[in-house]
2 protein chains.
Amino acid sequence: MSAEHRNPSEQHRAEARREQILCAAATCFRNHGFHGASIAQISKAAGMSAGHIYHYFDNKEAIIAAIVERDLEYLLTLSARLRAAQDTREAMIEHVTEGVRKSLEPHEAGLKLEVVAEAARNPQVAEIVREADSVCRASLAATLRAIRRADGHHDDEGAIDTMVELLAAMFEGLMIRGIRNPQLDRAAVARRFQATVRQLLTQP
Amino acid sequence: MSAEHRNPSEQHRAEARREQILCAAATCFRNHGFHGASIAQISKAAGMSAGHIYHYFDNKEAIIAAIVERDLEYLLTLSARLRAAQDTREAMIEHVTEGVRKSLEPHEAGLKLEVVAEAARNPQVAEIVREADSVCRASLAATLRAIRRADGHHDDEGAIDTMVELLAAMFEGLMIRGIRNPQLDRAAVARRFQATVRQLLTQP
DNA sequence: GGTTCTAGATTGAACGCTCATTCTATGTTA
DNA sequence: TAACATAGAATGAGCGTTCAATCTAGAACC
């Protein structure tokens with residue numbers, strides 16, 4: 001059956017297979033790291049033979065790249081959702097609590113840190129990560145700009161960009177905090193973060 | 001020659017050899033990750049045979065543990081230095097610029113992120129990391145408490161601990177920012193961080 | 001409707017290589 | 001000579017990857 005004659009259900013099946021591999025790979029990467037996880041482990045977790053994985057991915061690097069892309073895709077949809085609440089400053093401050101919870105989720109944080117660590121040494125992964133980060137920054141900057149303007153503040157581009165970096169550092173740093181100090185008081189941190197974000201948004 | 005008869009120069013030599021291995025390992029781990037770096041690579045970088053490394057370390061895990069400990073030892077001396085400036089709030093705010101610079105240093109950040117990512121999955125590494133983090137938090141909390149009291153503020157323990165978490169998240173998050181967005185405006189970020197820390201220290 | 005054909009899905013063994021680790025032999029030095 | 005330092009080959013396991021062989025399910029034809 002040639003490619004152009006594939007029916008929808010077959011395409012769907014293939015896509016499901018790919019997703020199945022990516023889910024298994026994400027679990028393995030979380031538990032053993034990108035280089036610590038083997039194709040044999042991934043294939044076992046995905047419920048298929050090792051060889052069959054190579055029908056869907058060229059090599060292990062391609063799986064890593066796909067995981068990174070999938071991981072960041074979620075980040076992009078989140079940033080889009082954030083922009084939908086662009087009309088109210090308070091909606092953003094409300095969102096802080098959920099952001100703190102998400103950053104502290106060890107399941108999320110583990111894989112994300114693995115991705116960043118890999119980006120620090122793998123140029124191919126670094127490029128994917130930086131491209132996605134750039135889009136997220138732009139989205140967050142637009143949101144901040146709207147909020148600040150609505151309150152009558154006049155910030156130059158650089159000031160907005162720097163606010164974005166502070167916000168990003170806070171929440172990304174929280175992923176590290178959750179690992180280094182699992183006993184931290186989540187509710188108290190959420191309140192403190194909320195207060196800091198409010199100060200940032202309302203400062204002169 | 002038995003252990004109790006070793007003369008100082010021999011002890012020094014052995015220590016130097018260990019250090020030599022750790023330096024080489026740090027470089028390899030930075031470039032390839034804990035699991036991506038091989039004993040063969042490390043031995044080549046250290047200028048000795050692969051087998052000889054096993055005279056100084058039981059196995060690769062022990063090298064990782066030693067690297068983690070060495071990495072965190074530096075953090076502890078830094079936190080001690082920070083406490084020496086405990087008498088003035090402004091000294092701490094001054095220190096922010098250096099802290100930002102350090103966090104953005106890709107050499108430092110790469111290995112530290114590798115360590116945290118490993119801590120997220122390796123309980124042995126996690127224990128070392130959490131023990132060191134606990135000491136650092138205590139030190140930073142003492143510094144904050146002193147500054148706040150000197151200014152006549154009365155915070156409970158939890159409030160101080162949460163301030164510590166915010167500060168830690170900001171600077172640790174900056175390590176991720178430096179990788180995700182290498183083009184960020186370092187000077188502007190340093191100023192913004194300084195303002196945020198000042199607000200944190202002087203708030204009612 | 002039943003048979004044959006066919007092409008993709010899937011397997012599992014095999015390949016060559018590299019890994020962490022061990023072992024043996026030799027160098028060095030006090 | 002005794003005790004450690006060091007090198008380098010040996011070991012067996014496991015790695016990523018390939019590939020020939022099988023399975024499966026629908027298309028084509030009678």
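Below, read A as the first sequence line, B as the second, and so on, with proteins coming before strands; counting in each chain starts at 1.
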Next on the checklist: Assess whether a salt bridge exists between B:Asp161 and B:Arg137, defined as any Lys/Arg side-chain N lying under 4.0 Å from an Asp/Glu carboxylate O.
Outcome noted: no

Checklist entry - Looking at B:Tyr54, does any N or O in its side chain come under 4.0 Å of the phosphate oxygens OP1/OP2 on D:dT6? => result no

Checklist entry - Rounded to whole angstrom units, what separation is found between the NE2 atom of B:His52 and the C1' atom of D:dA10? => result 19 Å

Checklist entry - Between A:Met48 (CE) and D:dC23 (C1'), how many Å, whole number? => result 16 Å

Next on the checklist: As a test of reading the structure: which of D:dG16, C:dA20, C:dA9 is closest to the side chain of B:Ser38, going by heavy atoms?
Outcome noted: C:dA20

Checklist outcome for this item: Closest to the 5' end of DNA chain D, once A:His35 and A:His55 are matched to their nearest nucleotides, is A:His35

Next on the checklist: Would you say that B:Leu166 contacts A:Met170 through its side chain, given a criterion of any heavy-atom pair below 4.5 Å between the two side chains?
Outcome noted: yes

Checklist entry - Is any side-chain N or O of A:Ser49 closer than 4.0 Å to OP1 or OP2 of C:dT10? => result no

Checklist entry - Just how far, in rounded Å, is C1' of D:dG16 from CZ of A:Phe29? => result 12 Å

Checklist entry - D:dA5 P sits how many Å from B:Ile53 CD1, rounded? => result 15 Å

Checklist outcome for this item: Smallest heavy-atom separation, B:Ala26 atom then B:Arg70 atom, equals CB-NH2, 4.0 Å

Next on the checklist: Rounding to an integer number of Å, can you tell me how far B:Asp58 CG sits from C:dT22 P?
Outcome noted: 9 Å

Item to check | Between P of C:dT18 and NZ of A:Lys60, the distance in whole Å | outcome: 15 Å

Checklist outcome for this item: Separation of C:dA14 atom C1' from A:Ile39 atom CD1, nearest Å, is 17 Å

Next on the checklist: Nearest heavy atom decides the nucleotide; on that basis, is A:Asn59 or B:Gly47 closer to the 5' end of DNA chain D?
Outcome noted: B:Gly47

Item to check | Whole-Å distance separating the NZ atom of B:Lys44 from the P atom of C:dA20 | outcome: 13 Å

Item to check | CG-CZ distance between B:Asn181 and A:Arg130, expressed to the nearest 0.5 angstrom | outcome: 8.5 Å

Checklist entry - Within a strict 4.5 Å, meaning less than it, do heavy atoms of the A:Val116 and A:Val129 side chains meet? => result no

Next on the checklist: So B:Tyr56, base contact, sugar-phosphate only, or nothing? Heavy-atom distance under 4.0 Å.
Outcome noted: sugar-phosphate

Item to check | Of the listed nucleotides C:dC19, D:dT17, D:dT6, the one nearest the side chain of B:Arg17 | outcome: D:dT6

